[in-house]
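Here's the structure, in structure tokens; my notes come after.
Below, chains carry the letters A, B, ... as their sequence lines are ordered, and counting in each starts from 1. Values below: all heavy atoms of this structure, side chains included; hydrogens, waters and symmetry mates excluded. Please read all numbers here as calculations on a predicted model, not as lab measurements.
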Protein chains: 2
Amino acid sequence: MGPNAYAATCPTRLVLDRIADKWAVLVLGLLLDGPVRFNQLRRTIEGVSQKMLSQTLKSLERDDLVTRKAIATVPVTVEYSITSLGKTLAVTVDSLRIWAEAHMESVQDAQQRYDARKAAGL
Amino acid sequence: MGPNAYAATCPTRLVLDRIADKWAVLVLGLLLDGPVRFNQLRRTIEGVSQKMLSQTLKSLERDDLVTRKAIATVPVTVEYSITSLGKTLAVTVDSLRIWAEAHMESVQDAQQRYDARKAAGL
DNA sequence: GAATGCTGGTATCTGATGGATACCAAGTGC
DNA sequence: GCACTTGGTATCCATCAGATACCAGCATTC
């Protein structure tokens, strides 16, 4: 009778919802290679808005998957690192990114075939 | 110069966004054990609305991760199965669910500590 | 024979969310 | 003085998730 993600009330559902997230996957994947500063993340993950990035990082920090460290440079820089708990997750979610990159073409082909079939009147 | 999920224009980004989805993870996890009917999925994945389930299944079918088969019973039943492409993904995303179940408690504890620290005025 | 339940959906409405944009302070370089 | 850096927050709007209601066709129940 452990946790079960298929049960509506199980907290696992909340955790799953949190980690099954595009931006979280990309952030964790980057942090696997070492600490990264905020704007460095922002530049590397093309297309993230500041809002989504800081929001994602805040959630990850709350879940103890990432740690935040403000450094008294000028201007103040903020460095994000992965925690040991986060590392176990990062390995898992990074395989998601790798799957996406590996099978992107198959998926795109499938989509085109599907859309063509639909357009042809099924 | 292969696909790169960190590039804004790479189609991988779209694929990643699609598969990093709570409902898709839960659906694929179930279909790993064999074909399942629509309402059976609906009952097992507690809390999915019909809308989100049919929407998720339609997307998965478009991406050739799942196949839909209407069976002429009365009333007509619809059976969903996983494809060979879908199977490779399902194995990956199921480990996400497993991570969530395994580390749910650690994450919850971390959240409580974080919130307590914040409430204490940082 | 009318009421209820099953099947697998779609249509509609609303509250939450994602993303774009602008703005902030403090400091450096020109 | 003007532009640019740092890491954010505030605001606005379009999109989206979720709840609810509805649909047809048939079986069972009362």
Side-chain angles (χ1 to χ4, degrees), chain A residues 5-10 13-27 30-31 35-62 66-81 114 118 122, chain B residues 5-10 13-27 30-31 35-62 66-81 114 118 122:
Chain A
Y6 290 99
T9 58
C10 182
R13 185 66 71 80
L14 300 171
V15 175
L16 181 59
D17 203 23
R18 184 80 268 299
I19 63 182
D21 173 71
K22 179 177 53 175
W23 302 127
V25 167
L26 294 174
V27 167
L30 276 182
L31 294 184
V36 188
R37 286 181 298 100
F38 184 86
N39 275 333
Q40 202 173 336
L41 283 170
R42 190 158 120 72
R43 278 187 297 264
T44 308
I45 305 172
E46 297 178 14
V48 229
S49 61
Q50 285 187 330
K51 178 184 148 188
M52 285 313 297
L53 183 56
S54 74
Q55 207 170 90
T56 300
L57 287 167
K58 201 177 286 183
S59 286
L60 292 176
E61 191 197 357
R62 187 166 103 104
V66 144
T67 51
R68 197 190 105 109
K69 188 172 148 195
I71 302 172
T73 53
V74 65
V76 173
T77 55
V78 180
E79 192 181 80
Y80 290 91
S81 328
Y114 182 94
K118 290 289 168 183
L122 193 140
Chain B
Y6 289 99
T9 56
C10 181
R13 186 66 69 79
L14 299 171
V15 175
L16 181 60
D17 202 23
R18 183 79 270 301
I19 64 180
D21 172 70
K22 179 176 55 176
W23 301 127
V25 168
L26 294 174
V27 166
L30 276 182
L31 293 184
V36 188
R37 284 181 298 101
F38 184 86
N39 275 335
Q40 202 173 335
L41 283 169
R42 190 157 119 71
R43 278 188 298 264
T44 308
I45 304 172
E46 296 178 15
V48 230
S49 62
Q50 286 187 330
K51 179 184 146 189
M52 286 312 297
L53 183 56
S54 74
Q55 209 169 91
T56 300
L57 288 167
K58 201 178 285 184
S59 286
L60 292 176
E61 192 197 355
R62 188 166 103 103
V66 146
T67 50
R68 198 189 104 110
K69 187 172 149 195
I71 303 173
T73 53
V74 66
V76 172
T77 55
V78 179
E79 193 180 82
Y80 289 92
S81 326
Y114 182 94
K118 289 288 167 186
L122 194 137

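- Separating the NZ atom of B:K51 from the C1' atom of D:dT15 is a distance of 11 Å, rounded to the nearest angstrom.
- Rounded to an integer number of Å, the gap from CZ of B:R18 to C1' of D:dA17 is 13 Å.
- Distance alone, capped at 3.5 Å, is enough to place a donor-acceptor pair between the B:Y6 side chain and the A:L26 backbone.
- What separates CE of B:M52 from P of C:dT12 is a distance of 19 Å, to the nearest Å.
- Look at B:K22 and you won't find any side-chain N or O under 4.0 angstrom from OP1 or OP2 of D:dC16.
- For the pair B:E46 CD and D:dA19 P, the interatomic distance rounds to 13 Å; values are reported in whole Å.
- In this structure a side-chain-to-backbone donor-acceptor pair under 3.5 Å is present from B:E46 to A:A8.
- Comparing D:dT6, D:dG7, C:dG9 by their nearest atom to the side chain of A:P75 picks out D:dT6.
- Between B:L41 atom CG and C:dG8 atom C1' there is a gap of 12 Å when expressed in whole angstrom units.
- Among the nucleotides C:dT7, D:dA17, D:dG7, the one closest to any side-chain atom of B:R43 is C:dT7.
- At D:dG7, none of the side-chain N or O atoms of A:K69 fall inside 4.0 Å of OP1 or OP2 (strictly under the cut-off).
- Of all nucleotides listed (D:dC26, D:dT9, D:dG7), D:dC26 comes nearest to the side chain of B:V74.
- Contact between the side-chain N/O atoms of A:W23 and the OP1/OP2 oxygens of C:dG19 is found at a separation under 4.0 Å.
- Nucleotide D:dG7 holds its P atom 9 Å from the CD1 atom of A:I71, rounded to whole Å.
- Nearest-nucleotide positions on DNA chain D for B:S49 and A:V76 put A:V76 closer to the 5' end.
- Nearest heavy atoms, A:L30 versus A:V36: O-CG2, 4.4 Å.
- When rounded to the nearest whole Å, the span between CG of A:N39 and P of D:dC4 equals 15 Å.
- For the OP1/OP2 pair of D:dA17 and a distance below 4.0 Å, the side-chain nitrogens and oxygens of B:Q55 include at least one atom meeting the criterion.
- Within the 4.5 Å cutoff, side-chain heavy atoms of A:R18 are placed close to those of A:L60.
- You'll find that the side chain of B:S54 is closest to C:dG9, out of C:dG19, D:dG8, C:dG9.
- One atom, CG of B:L53, and another, C1' of C:dT7, lie 14 Å apart when rounded to the nearest Å.
- Counting non-hydrogen atoms under 4.0 angstrom, B:R37 reaches the backbone sugars and phosphates but no base.
- The closest donor-acceptor contact from the side chain of A:R68 to the backbone of A:Y80 lies at 3.5 Å or more, if one exists at all.
- For the OP1/OP2 pair of D:dT9 and a distance below 4.0 Å, the side-chain nitrogens and oxygens of A:K58 include at least one atom meeting the criterion.
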